[in-house]
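All heavy atoms count here, side chains included; hydrogens, waters and symmetry mates do not.
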Amino acid sequence: MTRILLPTDFSTNSLTAIHYALKLYKDLKCTFYLLNSYMPPVYHTEYLMGSPAQIGLGDIVQQNSQDNLANLKEKLEQEFKNPLHTFITHSALNVLSSEVTRTVEAEGIDIVVMGTQGATGATEILLGTNTVHVIKNAKCPVLIIPSGFEYEAPEQILFPNDFEVWLDENILAQLLKITESHVSQVNVMHVYTGDKLNTIQEKNKKQLTKVLSESGFFHDVPSNEVIAAINEFQIKQKINLLVMVQNKHTFLERLFIEPVIKKIGFHVTVPFLVIPQ
């Protein structure tokens with residue numbers, strides 16, 4: 001049984017992510033947790049103190065959240081009709097990233113699937129604020145679905161890796177589950193500037209080769225910039241899913257520090273799986 005958390009604000013962007021998840025895991029037994037976190041339009045000291053002007057406001061927002069979740073659950077059950085899938089709704093008065101962190105721990109969530117864009121919907125922004133916070137705090141993998149992405153089975157997966165981190169079956173459990181159910185090819189891309197792998201990197205590469213088994217294909221790409229190498233690889237070969245491990249050595253930190261995508265020229269047009277170390 002795979003436990004999947006699906007945060008939603010009922011926008012088209014979040015529905016795209018939900019539909020992707022239901023198709024990605026169509027052949028696996030799963031419990032999907034539909035999460036909507038909300039804050040009243042006016043949420044300050046007066047509200048917390050129970051000001052007469054604000055009494056009942058939270059109840060209305062909560063009821064709307066619960067009603068929308070119930071309607072969404074019904075629509076998904078009718079549209080997909082998958083006996084392997086079970087839906088649980090959860091409405092919470094909380095900041096999204098905090099509620100995701102709490103729910104992941106409380107429900108033993110295996111993976112979070114959510115959309116990319118924040119409230120601004122600005123196309124030049126790679127990840128919305130909520131998405132960034134979820135990735136940074138999540139203790140489980142987070143799968144990000146680009147706005148408007150049409151579902152494609154993840155037959156070709158790109159996995160940039162510097163072999164600085166030891167990866168075993170537990171850390172890569174969700175990736176392995178996806179590759180096994182879709183018979184995917186995992187293209188492990190090592191970007192190098194001419195230096196040979198050190199002893200630790202060699203050991204980690206051997207371990208990763210063992211974990212991925214026959215699904216893993218290794219590529220050495222000469223380049224001075226990981227981002228440029230990823231972009232170029234996507235041009236040369238059709239990729240359906242991008243995977244990265246979040247650690248201090250990867251360029252993910254730059255994505256958080258520099259929000260405007262044009263500054264770093266990184267273009268993600270496919271789902272993006274972030275695995276915590």
Side-chain angles (χ1 to χ4, degrees), residues 1-43 47-48 50 53-121 128-131 133-135 137-151 174 177 271:
M1 172 72 75
T2 302
R3 296 171 177 263
I4 304 170
L5 181 60
L6 303 173
T8 179
D9 56 2
F10 312 111
S11 65
T12 300
N13 188 33
S14 67
L15 289 178
T16 295
I18 291 173
H19 288 178
Y20 181 93
L22 297 184
K23 293 175 182 177
L24 181 68
Y25 290 95
K26 64 183 178 63
D27 297 323
L28 298 177
K29 189 174 183 181
C30 304
T31 296
F32 293 95
Y33 293 78
L34 300 171
L35 167 66
N36 176 244
S37 64
Y38 62 89
M39 297 292 276
V42 181
Y43 191 73
Y47 179 79
L48 293 174
Q54 308 304 332
I55 290 177
L57 178 60
D59 295 337
I60 295 173
V61 177
Q62 180 185 42
Q63 190 61 55
N64 287 337
S65 173
Q66 293 174 346
D67 290 345
N68 287 332
L69 282 172
N71 291 335
L72 175 58
K73 176 184 176 182
E74 182 179 358
K75 289 180 180 178
L76 294 176
E77 290 174 336
Q78 292 178 352
E79 180 177 351
F80 291 90
K81 293 184 172 65
N82 192 331
L84 294 175
H85 293 172
T86 301
F87 295 91
I88 295 176
T89 61
H90 178 56
S91 176
L93 171 62
N94 200 353
V95 176
L96 177 61
S97 58
S98 298
E99 190 59 29
V100 167
T101 299
R102 191 203 67 79
T103 306
V104 165
E105 182 176 351
E107 303 294 345
I109 298 298
D110 296 302
I111 187 170
V112 178
V113 183
M114 63 189 298
T116 52
Q117 293 181 355
T120 63
T129 303
N130 284 331
T131 310
H133 288 162
V134 168
I135 291 176
N137 298 322
K139 302 300 183 184
C140 71
V142 179
L143 178 56
I144 310 300
I145 313 302
S147 177
F149 183 79
E150 293 290 337
Y151 178 78
Q174 292 309 307
K177 189 169 293 186

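- Of the N and O atoms on the side chains of Thr2 and Asp110, not one donor lies less than 3.5 Å from an acceptor on the other residue.
- Between Thr16 and Ser147 there is no side-chain heavy-atom pair separated by less than 4.5 Å.
- Defined by atom type and a distance below 3.5 Å, a donor-acceptor pair is missing between the side-chain atoms of Asn13 and Ser11.
- Between Met114 and Leu6, every side-chain heavy-atom pair lies at or beyond the 4.5 Å cut-off.
- Using a 4.5 Å heavy-atom threshold, the side chains of Thr103 and Val112 count as separate.
- Formation of a donor-acceptor pair under 3.5 Å by the Asn36 side chain with backbone atoms of Thr8 is found in this model.
- Residue pairs meeting the side chain to side chain donor-acceptor pair (under 3.5 Å) criterion with at least one member in residues 20-30: none, sequence neighbours excluded.
- When atom types are taken as modelled, the side chain of Ser65 and the backbone of Val61 share no donor-acceptor pair closer than 3.5 angstrom.
- The two residues Ile144 and Pro146 make their nearest non-hydrogen contact at O-CD, 3.8 Å.
- Partners of Glu74 by side-chain hydrogen bond (donor to acceptor under 3.5 Å, both in side chains), not counting sequence neighbours, listed by chain and number: Gln78.
- The side chain to side chain contact (heavy atoms under 4.5 Å, CB included) test applied to Ile88 returns Thr31, Tyr33, not counting sequence neighbours.
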*Go through His85 and Phe32 one step at a time and tell me if the ring-ring contact (aromatic ring centres under 6.0 Å, His included) criterion holds.*
CA-CA 7 Å; His85 293 172; Phe32 293 95; 4.8 Å; yes

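- Taking the side chain as every heavy atom from C-beta outward, Leu35 and Glu107 never approach each other to under 4.5 Å.
- Looking only at side-chain heavy atoms (C-beta outward), Leu96 and Val100 come within less than 4.5 Å of each other.
- To the nearest 0.5 Å, atoms NE2 (His19) and CG (Leu24) are separated by 14.0 Å.
- Residues Tyr38 and Asp9 fail the side-chain proximity criterion, which asks for heavy atoms closer than 4.5 Å.
- Remark: Glu150 CD is loosely packed, at most 12 non-hydrogen atoms of other residues, nucleotides or ligands lying under 6.0 Å away.
- More than 12 heavy atoms of other residues, nucleotides or ligands lie within 6.0 Å of CD in Glu77, so this atom counts as buried by the packing criterion.
- In this model, a donor atom of one side chain and an acceptor atom of the other lie less than 3.5 Å apart for His90 and Glu99.
- Nearest heavy-atom pair, Gly115 versus Ala17, reported as atom, atom and distance to 0.1 Å: N-CB, 3.6 Å.
- Atoms OG and CZ, on Ser97 and Arg102 in that order, are 13.0 Å from each other to the nearest 0.5 Å.
- The CG atom of Leu72 lies 9.5 Å from the OG1 atom of Thr89; values are rounded to the nearest 0.5 Å.
- In this structure, the separation between CG on Leu28 and NZ on Lys177 is 7.0 Å, given to the nearest 0.5 Å.
- Atom CG in Leu15 sits 13.0 Å away from atom CD1 in Ile145 (nearest 0.5 Å).
- Contact annotation: the side chain of Leu22 approaches that of Phe87 to within less than 4.5 Å [non-hydrogen atoms, C-beta and beyond].
- Arg3 CZ to Cys30 SG: the interatomic distance, rounded to the nearest 0.5 Å, is 11.0 Å.
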*How far apart are the C-alpha atoms of Leu143 and Ile4, what are their side-chain angles, what is the distance that settles it, and do they pass the side chain to side chain contact (heavy atoms under 4.5 Å, CB included) test?*
CA-CA 10 Å; Leu143 178 56; Ile4 304 170; over 6 Å; no

